[in-house]
Structure formats: structure tokens, C-alpha cells
There are 2 protein chains.
Amino acid sequence: MTTRRVRAKRGEGALLREEILGAAEELLAEAGTEEALTVRAVAVRAGVSTPAVYLHFAGKEALVEAVCMRVWGELGRLFRDNSGGDPWLALGRCARAYIRFALDHPVQYRVLMMRPSGSPGVPPAAAEAFGHMVDAVSACMETGVVAGDPEEIALGLWSALHGCASLLIAQPSFPWPDREALIDRVVRVAGFGTALYSRLPRDLPPSDELAARFDALGAELAAGEDQSSP
Amino acid sequence: MTTRRVRAKRGEGALLREEILGAAEELLAEAGTEEALTVRAVAVRAGVSTPAVYLHFAGKEALVEAVCMRVWGELGRLFRDNSGGDPWLALGRCARAYIRFALDHPVQYRVLMMRPSGSPGVPPAAAEAFGHMVDAVSACMETGVVAGDPEEIALGLWSALHGCASLLIAQPSFPWPDREALIDRVVRVAGFGTALYSRLPRDLPPSDELAARFDALGAELAAGEDQSSP
DNA sequence: TCGTTAACCTGACGGTGTCAACCTTCGGTG
DNA sequence: CACCGAAGGTTGACACCGTCAGGTTAACGA
């Protein structure tokens, strides 16, 4: 049997909120899915009766969302820690940090990013993640390498990173050859895609054109690669 | 009140299976979420008692999966229809077709691609989608523009396309500037990323190197663009 | 005509999210 | 000290869900 929680003192009712959040976070990680999470189980682990949860959360939906949002501040910290120095190098670090954050908190990431937005309006998690991308891209723009609308370009970058993260999370039984290699490749391609954005043709050209262009282009890139990796 | 379905004749019991699938498909589209779909509601719409559903499906999970799988064959048709002609042009068309397919069947796509795989092993939907990507990329490889493991390269492409599709589906209230523009950009960048794969440096270089390289590179690409768009 | 069997239905069980109503104890007030 | 308002919960119940054991009906061959 689980020990019953001692009633909080007057004015400290909000303490229970944190304890419920903690219990829900544990159970969500154990269950792996929000559907498998139960308000009753949360209450039991918090040592409290079931309806007590509703004193602090409007419903199960709100509880789950609060649990997921709790860890989201970490993303901001990761972006801040990786933002110094050269903007393009920082962009690569932030991109990796984003994917790694998603893989470190798979349940939270799935709940917040892979669900039909229950509440109307922009989901705060999505807005915050996107905001970080825009910042990173904006910094790169000041180097003069790429031109365009930072938000538009950041959308493409975000999309690529989210695709990698969400595939790895939602398809764990897929025979991924190498997670790290995929992440590296996606970050690299997405980063170069961002850098090349305003210089890319409007669409993929046919093979013969592509081959002709890439002869010179490949040599150019390879030359830079040789000098940058001793 | 809903009319009760007339009992099927002997040997035609499988007819009910199709009717249940149809009812479930309708309700899933109306509800928008699998959680909002109810076995009882499906049975009512099919004009049959609730446990009758279990005569043809192992459970709700199996029913939902069958409904989603029902539309997935369309993806194969789309890829086949877009596979002719030049491989790189076909790659661009297939990429667009993939995203459009996802947007045309948002509920099914979410259920099959954005959920913790309930059953162990590779989800058939994911395997099939990935298989098409590998085929499209393999065809491009024979043009000699890009070299490497087709599966590895296809993973990057798939990841980018899935990211775009899943973001658009899961975040409908996000202030997307222009869906079509985003799709175009993602397809373009992912396609070029695929084409450039074996020629890209191992990581993003710092700004000064990037700028120096892209001067020549941008001119090269722009020249090709001028000649390909009259 | 009759029995077999495919095709379904009835009724129930355990579990879920949620709510109205009740209780219990703290802390200030007369 | 007695009291009482209210913060901080609990009890019991409701409606709904997925699922199953067992009974019922109707079509067909013999």
C-alpha cells in the first residue's frame, strides 16, 4: 500500500501541484504513452485521492501538457549554450542540440509536436522551438552568405530537423543503419540547404544538367573540405 | 434511431468487414483523432452490435490500423505514376507526391507514422514509404551524379519530407506563411541535398570559408538556373 | 424436416475521466 | 478559550469506454 500524503499547510496548497507533476512525469516515462497514463495512477503515486488532481489541473489533457512543457525550458538553455562564436558553426551545433533534445525526451516531444493541437492558437512549444531556429538563422544572415526571409528559411531547417527527430522517435523498430550518422547527415544537408537557399535553382534540373553543374560544384566543395579537415 | 443492418447471408460474413471499415473511416475523418473514435460508434454506424466488430478485428487498435492501411496503397500508385522520365525530375515529383499524400490523408498519416509503433518489427507503412524513396534514389544514382548507399541517402530525403508533412499536419494552427512555398522549398533543398550528398563537406564550415566557397558556387548554380528557366 | 453452423446479439465486467457534495483541519477573530 | 470561515482535500457516484462469455437467429445441406 502507498503512504498517504500529509495534508499541506495553509497557503501551501500549490505544493501538491509540483508533486503531481513529478508523479505524472515518472509515470509518463514508464508508460511511454500519454494514453497509458492514468489520472488515478498519478494520484496514487502522489499519495492523494484522484479528484485532488483536478484541484490543480483542468483535466488530464492539461496535466499531460504541463508535464511536457516542464522540460521544454531545457531546449532554450541548449540553444543559448550553443549560440556563441561563428554563426554557421553555431547553427550546426544548435541543430544537433535540437535533435538530441528530442531524443532525450521522446515522450514529451511526441506529445507536444506530433499531435493535433488540442487548443486553438499556436502551441507554445512549437512557437518557442521555431523562435530559436529563426534566431540561429538570423545570425547566419549577417554573415552575408545567405539572403531571404529568416522565418521562411528557418521553416525549412526546422522541418528537416523535426523530420529526423520524429522519425527516430516514432519508428524505433525501424532498422536504422546508424542513428548518429543519420543525424549528422540531416544536420549537414539541412545546414547547407539553409546556406544555399537563395542560390538554389527553383527546382531539380534533369540529370544531364545536374551532372554538368555538379562537376565544377563538387570540385569547389571538395577543395574547401580538404583545407578545413586537416 | 439508426436502421439495423440485415444479417448477411451464409458465406458472405466478410461483407460486414468492409462495412465496418467504411464506417470507421468516416468516423475517423469526422473525429480527427483515433482516441475520439469509438468502437461503439463504429458499430452503430454500421448498423450492428458492438461486439460484432470483434468478429473481424482483434481490437480497436487493429481496426484503426486496418482503416489507415486501406488508403496506403494510394501512395504506391502515386510513386509509380511519377516515376517515369528523368530520374531527378522524377525524384522531385515523387517528393511532392509524398507530402501531398500525407496532407490528403492527415489522420491516417499521423496514426501510421507519428505513433510509438505498437507492434514490434518494422511497421509496413513505414517500410513501404521508405522502399519507394530508395527506389527513386537508386534510379538517380545511375545518372552518376551522386554516389553512396541508396538506403542511407534515402533516409535523409525521407526524413526531410516527413518533417515537412508532419509539421504541417500536427501544427495546423501555426502561422504558416505559405504551405505550397514551404513544400517547394523543402523538396528543392532535400533534392539538392540528396544530389550533393557525397560532395558535401563533413560539417558546416565557419562563415568566412563558407562565403569564399559560395561565391564561386553561387555563380555556378545561378548560371545553370538561367539556362534552365527561360 | 432437421440439425449444423455461420452470423450475430445480450448482458456484463473492469477500468477510465470527471463531477457534486461532503468532510477536516488550520488560522485568525471575538 | 470558543468559534467560524475557508483552504485543502475525500467519498461516492455517473457516464462512457474496450472487451468477452454465452446465448440467439437464420441460412443451407442432407
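Sequence lines set the chain letters: A, B, ... in the order given, protein chains first and strands last, and positions in each chain run from 1.
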With a 4.5 Å cut-off on side-chain heavy atoms, are B:Val189 and A:Leu200 touching? yes
Do A:Met114 and B:Arg110 have side chains that get closer than 4.5 Å, going by heavy atoms? no
Under a criterion of less than 4.0 angstrom to any heavy atom of chain B, what are the 5'-terminal and 3'-terminal contacting nucleotides of DNA chain D? D:dC17 to D:dC28
Rounded off to whole Å, could you give me the NE2-to-P distance for the A:His56 and C:dT18 pair? 16 Å
Upstream residue (5' side of DNA chain C) when B:Val48 and A:Gly59 are each assigned their closest nucleotide: B:Val48
Classify B:Thr50 by what it touches in the nucleic acid, base, sugar-phosphate, or nothing, heavy-atom distance under 4.0 Å. base
With a non-hydrogen cut-off below 4.0 angstrom, is A:Leu55 in contact with a base, only sugar-phosphate, or nothing? base
Distance in angstrom units between B:Tyr54 OH and C:dG11 P, rounded: 19 Å
Check the distance between C:dT16's C1' and B:Lys60's NZ and give it to me in whole angstrom. 12 Å
List for me each residue that meets side-chain contact (heavy atoms from CB on, under 4.5 Å) alongside B:Ala31, sequence neighbours excluded, and say none if there are none. B:Ala36
So does A:Arg40 reach the base of C:dG17 with its side chain, donor to acceptor, closer than 3.5 Å? yes
Each nucleotide in nucleotides 22-30 of chain C should get exactly one letter: B, S or -. Can you fill that in based on protein heavy atoms under 4.0 Å? --B-BS---
When all nucleic acid strands are considered with a 4.0 Å heavy-atom cut-off, which category describes A:Arg5: base, sugar-phosphate, or nothing? sugar-phosphate
Over 60° means perpendicular and under 30° means parallel, so classify the ring planes of A:His162 and B:His162, tilted if in between. parallel
Taking the ring of B:Trp72 and the ring of B:Phe101, is the distance between their centroids below 6.0 Å? yes
Under 30°, 30 to 60°, or over 60°: which ring-plane class applies to B:Phe79 and B:Tyr98, parallel, tilted or perpendicular? perpendicular
Heavy-atom side-chain proximity of A:Leu16 to A:Arg5 below 4.5 angstrom: yes
Is the shortest side-chain heavy-atom distance between B:Met133 and B:Leu161 below 4.5 Å? yes
What's B:Leu37 touching, base or sugar-phosphate or nothing? Going by heavy atoms closer than 4.0 Å. sugar-phosphate
Side-chain touch B:Pro177/A:Glu151, heavy atoms, less than 4.5 angstrom: no
